[in-house]
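Below, read A as the first sequence line, B as the second, and so on, with proteins coming before strands; counting in each chain starts at 1.
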Amino acid sequence: MIALTRLIAKRLATASLVLIGVSMLIFAIARVIPGDPARIALGPNATDEQLAKLRAELRLDDSLPAQYAHFVSELLQGDLGISLYTNRPVTTDIAQFLPATLELVLVAGTMMVLIGLPLGMLSARYEGKWVDNLIRIVSLLGVSAPSFVWAVILMLLFAFYLPFFPIAGRISEQYAIDPVTGFLLIDTLLAGKPWAWLDAAWHIALPAFALALSGIGQAARLTRANMVETYNTPYIEMARSYGFSESRIARRYAFKPSLIPSLTIIGLDFAAMLGNAFLVEAVFAWPGLSRYGVAVILRKDLNAILGTVLVISATFLIINIIVDLLIAWLNPRIRHAEQKP
Amino acid sequence: MNTPTLAIDNLNLSFKGLLSRTQVLHSVSLNVEKGERVALVGESGSGKSVLARLVLGLLQDQRGVEVSGRIGFAGTELDQLSRAARRALRGRDMSMIFQDPTSSLNPMFTIGNQFHEVLQRRTPDLGTGQAQDTARSWLDRVSIPDTDRVLASYPFQLSGGMNQRVMIAMALANNPTLLLADEPGTALDVTVQAQTLELMRALAEDVGTAVLFISHNLGVVREFADRVYVIHRGRIVESGSTTAVFDNPGHPYTQALLAAIPRITGDGIPDLPEQIDLSHPAVHHNTGPAGHD
């Protein structure tokens, strides 16, 4: 238990260092790229006084370190400033758009784990047989194209030519759901509307699957490779010599040791989905953080850019910490590191 | 005469490669009587480990493996059994001890957990409490102190000698008719190895288990076995009671093997001669207790 607490503390410390680094970097980059945020916000007809007033408001005339210091002091009070694009606090914008993106990523991540791992397991168990060959071809296909390409292909096939799934949006218009968590799959249940839940699930299925496909392929390939290796270890031979059934050996004796190395990569893939989600969201007109993110970058909306990037980095780091903890929890060598005689 | 526990007759094994076929066992015949301790001696690559895996039925399903000949186990012809029936024998009526104890136990599960599952092979609905009790008494029998701590430990938390004892206890816990021991303890240091072998011998005697002991270590074999088979390049070249084979080796390969035991005489380590007369007929001493045809 002590080992685990220490692990968490260590990971949180590195994560905050990373966040500080990211904030400095984005802060500098956003200000170095050409274009005057005040001019873009106010349009070509603005007078010099108006421009000067906005520039003063945004403290654009201060030195870079002074600007950063101001930003940090505001951030510590939970204030990310006002977005020039929406004229609302950046925190409000993010609170509105982030849940849609997170929901998409979480559903896709769940698909990756629930489909990818069993496929890899099956593939390793029937190594060299037709099942294995089929799964290997499919998973290779999955990793061969980026998710936005899959998004376009899946949309054409299953939403356009064969209209099984909706083309855009998170939910049909007839359902009015009060946002509580912002996750429609949760809010519909909270509101006690199962039909709305089904509708939301129907909407998220295709974009989430497109986002998950390369992860599914990756997870299947990794799990297969690790499990094939595990199958050659003496302890699997011993399990066989004790007459345990092949399916039990696959599920229990071979899968668990193989899961740990796969999990690290799966965690990274999971986090990488945050980035890929931007493009998938664009294809499926998913009202998530991506549209907001792209819009504020084009407008050089400094506060909004910084806020968006920070939130995404933080989510990325949190996912990584969760995966690390999961690995520590699964691996007895780490779990019992301090009890070793 | 009793039916032997293990009767291997005219067993051939070859591995088929893409272009070639390698024959690994050449008409091997071998008997282990009930409760008997028999050693199969040979150098690395002579085919002795493969033989044990054939008896267990672990190799037959692999691609490119061709087997002919018969393996009889306590009166049943193994190659006539279905795959499921063969599997049912493993872990109950026959079990195996492996070379490297620490890497042969699953790193993800505690000893207690693994012991429980092994015991469930014989008694499927065995509860955790009962399993713990049985496991504890078995660990006692292999002289493991502090059994509760060991049962709660993972293999990597225990020493190699400790894991070896655990493995012996597991292998014998279901009272198997036949125990296959594939160079047990080769990965351990010599004193620990000697201790564990002595343990294994005593326990096998208690339980009444027949042992096929596979080794390259002649000193150990001499201590352990009632009868010896010498295998060279997939052929049995000599067989007989341990005393007969050691005192009066008839085949040039056996003679060379015995001559190759290092002695503390200052002559250095003798080499096995490269050229051994392979055309020399196999030698079978008929002095063994159970008699070999």
When only pairs under 4.5 Å are counted, which of [options] shares the most heavy-atom pairs with chain A?
options	value
B:Leu58, B:Thr110, B:Leu89	B:Leu58
B:Arg92, B:Gln120, B:Met170	B:Met170
B:Gln114, B:Arg121, B:Met96	B:Arg121
B:Gly91, B:Ala88, B:Ser104	B:Ser104

By a 4.5 Å heavy-atom criterion (distance strictly below it), what part of [X] contacts chain B: side chain, backbone, both, or neither?
X	result
A:Leu330	backbone
A:Ser245	both
A:Ser241	both

Would the number of heavy atoms belonging to other residues, nucleotides or ligands and lying under 6.0 Å from [atom1] of [X] be above 12?
X	atom1	answer
A:Arg248	CZ	yes
A:Phe183	CZ	yes
B:Phe224	CZ	yes
B:Trp138	CH2	yes
B:Glu77	CD	yes

Minimum heavy-atom distance A:Met238-B:Phe98, with the two atoms named: CA-CE1, 3.6 Å
Mind listing the closest non-hydrogen atom pair of A:Pro332 and B:Met108 along with its distance? CD-CE, 3.8 Å
Between [atom1] on residue [X] and [atom2] on residue [Y], distance to nearest 0.5 Å:
X	Y	atom1	atom2	result
B:Arg90	A:Phe244	CZ	CZ	11.0 Å
B:Leu56	A:Arg240	CG	CZ	12.0 Å
B:Asp100	A:Thr233	CG	OG1	11.0 Å
B:Met94	A:Tyr242	CE	OH	13.5 Å

Indicate whether any N or O donor in one side chain lies under 3.5 Å from an N or O acceptor in the other, for A:Tyr253 and B:Glu117. yes
Residue [X] versus chain A: region with a heavy atom under 4.5 Å:
X	result
B:Arg63	side chain
B:Leu105	both
B:Ala84	neither

Does a salt bridge link A:Glu237 with B:Arg53, judged by any charged N lying under 4.0 Å from a carboxylate O? yes
Can you sort out the partners of A:Phe148 under side chain to side chain contact (heavy atoms under 4.5 Å, CB included), two or more places apart, ordered by chain and number? A:Pro146, A:Leu279
Does the side chain of A:Tyr235 come within less than 4.5 Å of B:Pro107's, by heavy atoms? yes
